[in-house]
Amino acid sequence: MKYKVNIEKTEEGYAVWCPGLPGCWSQGQTEEEALENIKDAIKAYLATIEELSKNKDSRYVDLG
């Protein structure tokens with residue numbers, strides 16, 4: 001699974017966020033570290049969403 005992320009150089013290193021997942025962001029001293037850190041942030045974000053939607057009436061739709 002792939003997610004688009006935006007990355008920006010800051011005074012402290014690199015900020016990175018996933019525009020498709022509001023509030024999902026991370027950072028790192030290097031670009032590589034920031035990209036690795038956002039992977040963990042995305043996984044945690046998705047796990048939280050899954051937990052919050054547990055026992056809810058849900059459906060899946062195919063965009064293809």
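- W17 and L46 sit in two unconnected hydrophobic clusters of ILVMFWY residues. Membership requires side-chain heavy atoms under 4.5 Å apart, directly or through other members.
- Around atom NZ of K4, no more than 12 heavy atoms belonging to other residues, nucleotides or ligands sit under 6.0 Å away.
- The two residues E33 and Q29 have their closest heavy-atom pair at OE1-N, 2.6 Å.
- Note: the hydrophobic cluster containing Y3 also contains I7 (ILVMFWY, side chain heavy atoms under 4.5 Å, direct or indirect links).
- The SG atom of C24 lies 12.0 Å from the NZ atom of K43; values are rounded to the nearest 0.5 Å.
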Chi angles and distances behind the side chain to side chain contact (heavy atoms under 4.5 Å, CB included) call for I49, Y45: CA-CA 6 Å; I49 295 300; Y45 185 104; 3.7 Å; yes
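- Remark: side-chain polar atoms of N37 are paired, donor with acceptor, to backbone N or O of Q27 under 3.5 angstrom.
- Between the OH atom of Y14 and the OG1 atom of T30 there is a distance of 8.0 Å, given to the nearest 0.5 Å.
- Within the 4.5 Å cutoff, the side chain of S26 has no heavy atoms near those of the D40 side chain.
- Separating the CG atom in L21 from the OG1 atom in T48 is a distance of 11.0 Å, to the nearest 0.5 Å.
- Hydrophobic clustering keeps M1 apart from L63 (ILVMFWY residues linked when any side-chain heavy atoms are closer than 4.5 Å, directly or through intermediates).
- Not a single donor-acceptor pair under 3.5 Å links the side chain of S53 to the backbone N or O of K56.
- Looking only at distances, no side-chain donor or acceptor of E36 sits under 3.5 Å from a matching main-chain atom of E32.
- Contact annotation: the side chain of L35 approaches that of V16 to within less than 4.5 Å [non-hydrogen atoms, C-beta and beyond].
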